[in-house]
Every structure is written in structure tokens, then in C-alpha cells.
Amino acid sequence: MYMAYSNTNTTHTPHRSASPSKGMTFIPSNTKAIVRFILLAVILGTVFSFGAMVQAYAGDGAATAKTTVSVTSINSSPKAVAQDQVVIQRGDTLWEIASTHNKGNENIRSYVDKLKTINHLTTSSLKEGQVLLLP
């Protein structure tokens, strides 16, 4: 014979709601798409920032343009001079170039100013391999 017992002294535990338990978080279904979008934005931002830094510190655009002047007719002497052009060698200065290539009795300072104007120089600093046009 089978007999069922019931315990009437037990307290009833209320039914838990669908809220997440401690330590677990609710993740909506589109969260993966949001995470992917944020990750893609961070990666693209990093790549573009790196490219901008490389471009900014790669060199002066004006100096690059000066070195692209055609120098095919320049002699291969230590201080190569061609038709109204000079290739800067290590240690060259504007004053030295002005005193060497000054035609006539023109003031050397005036010639240095002309060199700066023709070559769009804002300072007197020169780079090795830079090509200067002579007035």
C-alpha cells in the first residue's frame, strides 16, 4: 500500500523572477554587433592616427620637393655644380655658397637673401643632398 505524506509546516518559497542571479549579467542579443563596431572603430582610429604621425614626422614636404629637382646634368665632383644649381654637401653654408657663386661685386648678404628667396628658405639651415637654385 502506498501512502502520501504532506508536510504542512514547511514555508512556501516564492518563485524567482527572470532577473539574472548574482555574478551573471544580462546580455542583449545585439551586443556582439556593438562590440564588433567599437572594436572596428578603435582599430581604424589607431591605424589612421599612426598614419598621421608617420606623415607628420616623415619630413618636411618642402624639402622633399626641393630634392626632386632634376639633377641628371650635375657633375659627380665633390661639390657638384650645374647650370644655376648646387647640391648641398656636408658642411656647406649659405654664406660659403654665396661667396663662391657671387658674380660681380654684389654684397654677399644680398646674395644670401636672394638664395633664400629663390629657394623658398625661411632659415639658413641646409640639408645634405638638397638642391639649391642659384640666382
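Predicted model only: the values in this text are computed from it and were never measured. If you read the sequence from its start, that first residue is 1, and numbering goes on from there.
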Please table the atom pairs, donor to acceptor, closer than 3.5 Å between any side-chain atom in residues 42-54 and protein atoms at least two apart or in another chain.
residue : atom : partner : partner atom : Å
Thr46   : OG1  : Val42   : O            : 2.8
Ser49   : OG   : Gly45   : O            : 2.8

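- Lys116 meets the salt bridge (charged side-chain N to carboxylate O under 4.0 Å, His left out) test with no other residue; sequence neighbours excluded.
- The minimum heavy-atom distance linking Tyr111 with Pro135 is given by the pair OH-CD, 3.5 Å.
- Side-chain contact check for Ile88 versus Leu132: some heavy-atom pair is nearer than 4.5 Å.
- Contact check for Leu133 versus Asp84: no side-chain heavy atoms found under the 4.5 Å cut-off.
- The only member of Leu121, Val87, Val86 that meets side chain to side chain contact (heavy atoms under 4.5 Å, CB included) when paired with Gln130 is Leu121.
- Looking only at side-chain heavy atoms (C-beta outward), Leu126 and Ile97 come within less than 4.5 Å of each other.
- To the nearest 0.5 Å, atom NE2 of residue His101 and atom CD of residue Glu96 are 8.5 Å apart.
- The side-chain heavy atoms of Leu115 and Trp95, taken from C-beta on, include no pair separated by under 4.5 Å.
- Atom OG1 of Thr100 sits about 9.0 Å away from atom CD1 of Ile108, to the nearest 0.5 Å.
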